[in-house]
Amino acid sequence: MKRVSAVDVFLVLSLIGCSLWTVRSSSSCKQINTMEVRPHSVSITEFGAVGDGITLNTKAFQNAIFYLNSYADKGGAKLFVPAGQWLTGSFDLISHLTLWLDKDAVILGSMNSEDWPVVDPLPSYGRGRELPGGRHRSLIYGNNLTDVIITGNNGTIDGQGSIWWNKFRNKTLDHTRPHLVEMMNSTEVLISNLTFLNSPFWTIHPVYCSHVRVQNVTILAPPSSPNTDGIDPDSSDDVCIEDCYISTGDDLISIKSGWDEYGISFGRPSTNIIIRRLTGKTTSSGIAIGSEMSGGVSEVRAEDIYIFDSHSAIRIKTSPGRGGYVKNVYISNMTLVNVSIAIRFSGLYGEHPDDTYDPDALPVIERITVKDVIGENIKRAGLIQGINGDNFVNICLSNITLNVSSKIPWNCSYIKGYSELVLPEACEQLNERISPDHFSDCYKLPDLIKSSSSRNRAAWFPSW
Ligand SMILES: *[C@@H]1O[C@H](CO)[C@@H](O)[C@H](O)[C@H]1NC(C)=O
Ligand SMILES: *[C@@H]1O[C@H](CO)[C@@H](O)[C@H](O)[C@H]1NC(C)=O
Ligand SMILES: *[C@@H]1O[C@H](CO)[C@@H](O)[C@H](O)[C@H]1NC(C)=O
Ligand SMILES: *[C@@H]1O[C@H](CO)[C@@H](O)[C@H](O)[C@H]1NC(C)=O
Ligand SMILES: *[C@@H]1O[C@H](CO)[C@@H](O)[C@H](O)[C@H]1NC(C)=O
Ligand SMILES: *[C@@H]1O[C@H](CO)[C@@H](O)[C@H](O)[C@H]1NC(C)=O
Ligand SMILES: *[C@@H]1O[C@H](CO)[C@@H](O)[C@H](O)[C@H]1NC(C)=O
Ligand SMILES: *[C@@H]1O[C@H](CO)[C@@H](O)[C@H](O)[C@H]1NC(C)=O
Ligand SMILES: *[C@@H]1O[C@H](CO)[C@@H](O)[C@H](O)[C@H]1NC(C)=O
Ligand SMILES: *[C@@H]1O[C@H](CO)[C@@H](O)[C@H](O)[C@H]1NC(C)=O
Ligand SMILES: *[C@@H]1O[C@H](CO)[C@@H](O)[C@H](O)[C@H]1NC(C)=O
């Protein structure tokens with residue numbers, strides 16, 4: 001068990017007076033360190049782009065961005081995309097850039113896979129996620145950048161993903177499918193006020209990034225589209241996602257950190273992830289962690305979540321071979337309507353990059369708190385399965401009321417934890433009552449834990 005300092009005990013005890021579960025809440029993401037106003041601006045039309053939905057504008061985007069690079073050290077620049085249908089292949093962003101899509105501006109992804117070049121696999125995955133070897137680069141891509149804004153007046157970025165979905169279905173893909181937007185090894189990234197449609201694969205993928213804010217975006221893809229996750233923070237820290245509506249064919253948000261032995265040796269966790277005011281539906285999960293979590297996932301806080309017409313609301317996916325950990329997760333104030341399984345943990349998810357993974361690399365899953373949940377028309381409350389010989393521990397459920405149709409609402413194995421005010425009553429593995437005697441077992445009061453920690457991230461968390 002984690003040791004608790006005298007300061008922690010003092011602060012926690014002083015709060016028990018009002019409520020064991022009080023969490024100080026701030027209502028929006030911290031402003032990130034971007035230059036909101038760019039001194040220089042050009043329109044994509046100045047570079048010969050044609051917004052007819054037919055002309056391929058990859059060169060125009062590349063030339064415009066190359067030109068704007070000369071303003072990077074002068075406060076940066078804005079690339080304005082006016083109303084129109086701007087067909088393009090993959091293009092690369094630069095630091096200190098604002099990509100601005102006006103109302104009725106639509107950036108359309110080319111339907112020719114050659115316009116999405118193949119790049120190296122991510123080191124934390126060792127290979128493409130779907131196929132060995134490289135992967136197609138995202139439509140909008142950034143690597144090694146700082147201070148990047150992708151925003152506008154509800155313009156649209158449409159990946160036209162159906163050809164990729166079909167190639168996936170008929171097994172004719174040569175390489176792993178591309179994301180719609182990928183930012184790699186970048187800091188101070190803001191993505192806001194836009195609509196994202198029909199991504200070929202995961203929609204927004206920050207990987208090896210710090211200080212990312214995704215705010216007020218709509219992400220849509222058909223329920224049947226394969227693996228069209230909404231937002232996947234991957235081996236990234238200090239990520240804040242708020243006020244989003246997401247309806248896709250896979251997880252709305254999936255927090256990841258690399259795959260089996262590659263993720264373990266790369267060793268970059270996802271930490272300090274905040275999700276607020278998420279609304280959406282999916283044939284998969286609302287908020288998922290994993291299944292790639294080999295670099296570790298910790299300090300995740302989600303609140304004010306509304307999930308409807310979905311398979312599950314909260315899902316943790318892992319497997320022997322993953323190693324890593326998922327710990328210190330706090331999810332509160334969730335409303336669920338028409339959800340098959342409210343809470344689902346899968347300890348035997350499977351899916352390995354190759355045969356050289358270490359089956360003895362067992363993930364550590366602990367200190368997961370879910371509280372203040374109300375659910376209507378739920379089939380099953382929980383299918384919570386740990387790993388034989390590797391129990392998931394300190395799973396804490398509080399104040400959860402679900403209208404469940406199944407006669408066996410909870411099905412738990414290889415887990416241990418606590419519960420209070422849970423209806424229908426939680427499984428016996430979770431039936432020990434939450435009390436101050438073991439308050440340090442249940443993850444809560446993240447602000448308090450952060451602000452009393454000596455780690456330098458402490459100053460960051462409470463201010464978001
Ligand atoms: C990113 O930085 C690394 C290390 O400096 C370098 O090897 C790589 O080429 C850079 N990538 C890009 C796209 O600039
Ligand atoms: C990440 O980007 C920074 C800044 O551009 C660069 O110094 C560093 O080498 C990059 N790291 C990798 C692994 O590419
Ligand atoms: C969300 O974006 C729309 C346009 O896309 C804008 O009208 C609205 O003010 C934004 N809301 C917030 C809270 O930023
Ligand atoms: C933005 O556009 C999308 C798709 O056109 C629409 O569903 C959404 O309601 C719009 N959002 C705002 C805030 O206007
Ligand atoms: C697979 O789907 C792609 C995209 O729709 C199509 O171009 C291709 O002809 C299909 N191949 C087979 C073998 O069905
Ligand atoms: C989103 O748009 C609204 C309305 O124009 C604006 O007030 C807000 O600052 C924008 N938010 C972000 C994060 O870009
Ligand atoms: C709970 O979340 C809902 C959105 O699902 C929001 O409307 C409501 O204000 C939140 N309640 C509290 C107490 O923050
Ligand atoms: C839930 O399902 C019922 C019955 O199918 C439907 O009438 C209702 O509109 C659904 N509610 C939501 C919020 O989707
Ligand atoms: C239980 O959760 C509901 C929201 O689902 C909230 O309104 C209520 O205040 C909570 N009750 C307690 C005792 O915390
Ligand atoms: C659950 O929902 C059904 C159908 O709407 C309703 O008849 C029943 O009273 C509800 N049960 C509870 C405990 O709210
Ligand atoms: C619990 O779930 C497991 C895996 O889905 C299944 O094999 C088992 O039969 C279930 N147990 C009950 C009592 O439903």
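In this text the structure is predicted, and so the values were computed from the model without any measurement. Residue indices begin at 1 and follow the sequence shown. When a ligand or atom number is given, it counts from 1 through the structure's own listing order.
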Closest protein heavy atom (residue, atom, distance) for atom 4 (C) of ligand 11: Gln385 NE2, 3.3 Å
Parallel, tilted or perpendicular, as decided by the 30° and 60° cut-offs, for the rings of Trp116 and Trp164: perpendicular
Which of the numbered atoms in ligand 6 are under 4.0 angstrom from any heavy atom belonging to Asn193? 1 (C), 2 (O), 3 (C), 8 (C), 10 (C), 11 (N), 12 (C), 14 (O)
Which of the numbered atoms in ligand 6 are under 4.0 angstrom from any heavy atom belonging to Ser192? 12 (C), 13 (C), 14 (O)
Number the atoms of ligand 6 from 1 as they appear, then name those within less than 4.0 Å of a heavy atom of Thr151, with their elements. 14 (O)
Would you confirm whether any non-hydrogen atom of the protein falls under 4.0 Å from atom 14 (O) of ligand 5? yes
Please list the nearest protein heavy atom to atom 2 (O) of ligand 5 with its residue and the distance rounded to 0.1 Å. Asn170 ND2, 2.3 Å
Per-atom filter on ligand 11: closer than 4.0 angstrom to a heavy atom of Leu383 are 2 (O)
Compare every heavy atom of Trp165 with every heavy atom of Thr228, then report the nearest pair and how far apart it is. CG2-NE1, 3.6 Å
Has Arg177 got its NZ or CZ under 6.0 Å from the middle of the six-membered ring of Phe168, at an angle within 45 degrees of the ring axis? yes
Over 60° means perpendicular and under 30° means parallel, so classify the ring planes of His40 and Tyr71, tilted if in between. parallel
More than 12 heavy atoms from other groups under 6.0 Å of CD on Glu46: yes
Strictly less than 4.0 Å: does any protein heavy-atom distance to atom 9 (O) of ligand 11 fall in that range? no
Greater than 12 external heavy atoms within 6.0 Å of Tyr414's OH: no
Which ligand 5 atoms, with their elements, are less than 4.0 angstrom from a heavy-atom of Asn166? 2 (O), 4 (C), 5 (O)
Among protein heavy atoms, which sits nearest to atom 12 (C) of ligand 11, and what does the distance come to when rounded to 0.1 Å? Asn411 ND2, 3.4 Å
Please could you name the atoms of ligand 6 that Gln215 approaches to less than 4.0 Å, counting only its heavy atoms? 11 (N), 12 (C), 13 (C)
Mind running side chain to side chain contact (heavy atoms under 4.5 Å, CB included) on Arg276 and Cys240 for me, showing each step along the way? CA-CA 8 Å; Arg276 291 201 184 95; Cys240 186; 4.2 Å; yes
Which atoms from ligand 5 have a heavy atom of Ile163 less than 4.0 Å away? 4 (C)
Here the pair of heavy atoms bringing Pro363 nearest to Ser319 is CD-O, 3.6 Å
